[in-house]
Amino acid sequence: MVIRAPKGVADILPPESERWRHAQQTAIDLCRAYDYREIILPVIEYTELFNRGIGQETDIVQKEMFTFEDKGGRSLTLRPEATAGVVRAFIQNHMEKGGLPIKLYYRGPMFRRERPQAGRYRQFQQLGVELIGSALPLADAEVIILCARFFCALGITTELVINSVGDDKCRPGYIEAIRNYLEDNSAELCEDCRRRTRENPLRVLDCKVPGCKEALLGAPDIQAYLCDECRDHFRQVEETLEAAEVYPKRDSRLVRGIDYYTRTVFEFATPALGAQNSLSAGGRYDTLIEELGGKPTPATGFSIGMERVMLADPRLPEQRDFGIYVMAIGDEARKPAFMLAQSLRDKGFSADLDLMDRSPKAQMREADRMGFQLAAIIGKDEMAGGYVALRDMKSGAQENIQVAELEGEIRRRHSAGGLGI
RNA sequence: GUGGGAGUAGCUCAGCUGGCAGAGCACCGGGUUGUGGCCCCGGAGGUCGCGGGUUCAAGUCCCGUCUCUCACCCCA
């Protein structure tokens with residue numbers, strides 16, 4: 001048997017990889033516009049970071065982490081998400097000393113040991129931002145707007161769902177209320193939800209079992225339990241979003257599967273995807289930094305699942321660079337052709353030539369197939385005359401250009417044709 | 001962890017009640033002593049996922065196993 005990639009991981013080949021690059025570049029350009037800077041983090045962390053950061057009761061920690069021991073017997077884990085690592089780096093490097101807020105973006109692979117399916121992989125790429133230090137509703141709004149603009153830039157239609165899960169002051173009261181309600185109605189709940197009633201009652205709100213949905217119709221609404229500060233914060237977030245023409249749908253049953261969220265939580269979803277329809281999600285985490293040993297510091301952020309973005313719109317462009325294919329006619333032209341391609345590359349053009357000893361006809365077919373815009377043809381006559389035949393692959397028009405004038409001619413055609421370099 | 005579907009050429013798939021392994025696309029070459037797309041001709045490419053069983057004979061039937069895939073759980 002040939003060796004296969006491990007379960008749930010994927011190779012991204014050209015031209016698919018070019019679509020990825022486009023989407024990633026779009027996100028990076030937006031991050032820079034909003035003044036976020038890249039943080040490059042390790043993919044392994046000590047396991048305890050995730051146990052404490054994500055929450056011992058979450059599915060991620062309980063059953064989805066790739067965990068192993070190093071030689072010293074210390075437990076390491078492949079990161080299942082990035083926020084805990086960003087916060088660890090923020091604390092460890094005393095980043096608050098440089099002045100708040102700190103605005104960071106990251107990208108890279110995350111790892112969760114789940115059964116793969118459409119839009120869900122064991123290694124998957126996330127791109128996310130963290131805005132650390134600001135407690136203002138404007139901060140929540142900023143990251144949500146940034147995320148909304150990203151989907152907008154790619155032409156992907158999404159639905160934004162938003163909620164507030166309260167803070168340390170008001171959430172305990174709500175959890176108490178929902179737990180009481182669930183206990184009173186436990187006869188109608190599925191087995192999982194009875195367990196969740198004890199361990200993490202908020203998660204029952206997410207249950208899709210029809211009986212549970214019905215049983216929840218009369219459940220207490222978190223909106224009614226928010227303290228004045230949380231209610232005001234939430235209202236201001238919504239107002240700011242609307243001012244930026246981002247229109248969230250409020251859903252008081254939206255709870256995320258990670259324990260660190262406080263106040264604002266949100267999710268961008270798309271109907272185009274199947275079961276895993278969440279393209280990105282995030283929220284505020286005002287207590288996480290303190291819980292991981294830092295000074296109390298408010299923060300907010302989100303993460304985008306790039307595989308799902310790529311699935312959501314397969315029409316994202318896969319453009320090849322402006323390129324010149326150098327054709328050699330006859331063996332004695334091979335080396336001059338090679339040197340011409342080399343000199344074009346040194347001048348910053350994208351150039352290629354035949355490395356398979358093909359016939360002139362086959363070289364031309366290759367230039368066409370690979371989508372080159374120009375072909376520079378060298379044969380006996382051209383070598384003798386010090387020129388090349390420059391062919392426009394689209395029109396087929398061909399004219400002789402002195403080698404000394406080639407660079408200028410290519411640039412002229414490039415700017416006239418509006419082709420991307 | 002649980003359930004459904006599927007494994008035949010690089011890709012998408014056909015292959016009937018068991019009887020010589022196929023098509024389209026893609027790839028390579030030729031039709032043009034130095035020129036692409038359309039068209040025509042030719043070529044290469046397969047352990048029919050793997051292992052066992054039934055049979056004169058298995059891609060086809062039976063058993064096992066692996067992988068992929070979709071869904072549940074959960075999440076990006």
Side-chain angles (χ1 to χ4, degrees), chain A residues 1-10 13 54 57-64 79-83 107-128 147 190-193 195-196 200 203 206-209 254-258 266-270 273-282 301-312 325 327-333 337 354 356-383 389-398:
Chain A
M1 248 329 227
V2 291
I3 298 177
R4 300 183 53 90
K7 180 194 283 286
V9 309
L13 315 174
I54 299 171
E57 301 308 317
T58 62
D59 279 21
I60 291 176
V61 169
Q62 288 204 339
K63 54 187 199 193
E64 294 177 3
R79 63 182 182 188
E81 58 99 52
T83 300
R107 55 192 167 127
M110 310 296 157
F111 305 84
R112 292 182 199 171
R113 215 195 70 94
E114 305 177 85
R115 285 283 284 272
Q117 70 186 69
R120 190 170 68 189
Y121 309 93
R122 288 186 166 188
Q123 173 175 339
F124 57 100
Q125 296 287 329
Q126 285 192 337
L127 190 152
C147 193
C190 69
E191 202 176 314
D192 280 337
C193 282
R195 178 181 51 79
R196 293 189 189 113
N200 197 347
R203 296 228 50 80
D206 249 359
C207 188
K208 282 141 198 130
V209 175
L254 176 70
V255 289
R256 310 258 75 241
I258 296 175
F266 61 92
E267 174 179 289
F268 286 84
T270 173
L273 223 57
Q276 311 302 321
N277 65 349
S278 170
L279 291 179
S280 76
F302 67 80
S303 188
I304 300 168
M306 293 305 289
E307 283 82 0
R308 294 182 183 179
V309 169
M310 301 313 294
L311 285 171
Y325 193 84
M327 265 182 69
I329 293 170
D331 282 344
E332 61 284 1
D354 173 48
M356 297 300 289
D357 199 29
R358 285 184 230 259
S359 67
K361 175 193 171 101
Q363 289 182 49
M364 185 65 83
R365 191 159 51 220
E366 181 75 356
D368 179 49
R369 195 171 63 92
M370 300 302 284
F372 285 87
Q373 277 100 355
L374 292 174
I377 302 159
I378 302 180
K380 250 199 268 8
D381 300 346
E382 287 81 359
M383 283 188 286
L390 189 63
R391 183 184 184 88
D392 181 318
M393 292 300 291
K394 203 158 181 188
S395 67
Q398 192 166 311

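Order of the sequence lines fixes the chain letters, A, B, ..., with proteins taken first and strands second; residue numbering starts at 1 for each chain.
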Peer 1: Would the distance check show the side chain of A/Glu64 and the main-chain N or O of A/Glu114 forming a donor-acceptor pair, the cut-off being under 3.5 Å?
Peer 2: no

Peer 1: So, taking the atom named CZ in A/Phe124 and the one named CD in A/Glu81, what distance separates them when rounded to the nearest 0.5 Å?
Peer 2: 9.0 Å

Peer 1: Can you tell me if the side-chain N/O atoms of A/Gln117 get under 4.0 Å from OP1 or OP2 in B/rC70?
Peer 2: no

Peer 1: Do you know the tightest heavy-atom contact between A/Pro80 and A/Arg112?
Peer 2: O-NE, 2.8 Å

Peer 1: Where does RNA chain B pair, written as one dot-bracket string 5' to 3', with Watson-Crick or G-U pairs under 3.5 Å, ( ) inside the strand, [ ] for crossing pairs and | for another strand?
Peer 2: (((((((..((((.....[..)))).(((((.......))))).....(((((..]....))))))))))))....

Peer 1: Determine, for nucleotides 28-40 of chain B in 5'-to-3' order, which nucleotides have protein heavy atoms under 4.0 Å from the base (write B), from only the sugar-phosphate (write S), or from neither (write -).
Peer 2: SSSB--BBBB---

Peer 1: With a 4.0 Å cutoff (strictly under), does any side-chain N or O of A/Arg115 reach OP1 or OP2 of B/rG3?
Peer 2: no

Peer 1: Check whether any side-chain N or O of A/Lys7 sits under 4.0 Å from OP1 or OP2 of B/rC68, and answer yes or no.
Peer 2: yes

Peer 1: Counting any heavy atom closer than 4.0 Å, what does A/Phe302 reach on the DNA or RNA strands: base, sugar-phosphate only, or nothing?
Peer 2: nothing

Peer 1: Can you tell me if A/Arg308 uses its side chain to pair, donor with acceptor, with the backbone of A/Gly119 under 3.5 Å?
Peer 2: yes

Peer 1: So does A/Gln125 get a backbone contact from the side chain of A/Glu307, meaning a donor-acceptor N/O pair under 3.5 Å?
Peer 2: yes

Peer 1: Which is true for A/Gly330 with a 4.0 Å heavy-atom rule: it touches a base, it touches only sugar-phosphate, or it touches nothing?
Peer 2: nothing

Peer 1: What is the nucleic acid contact for A/Ala118, judged by heavy atoms within less than 4.0 Å: base, sugar-phosphate only, or nothing?
Peer 2: sugar-phosphate

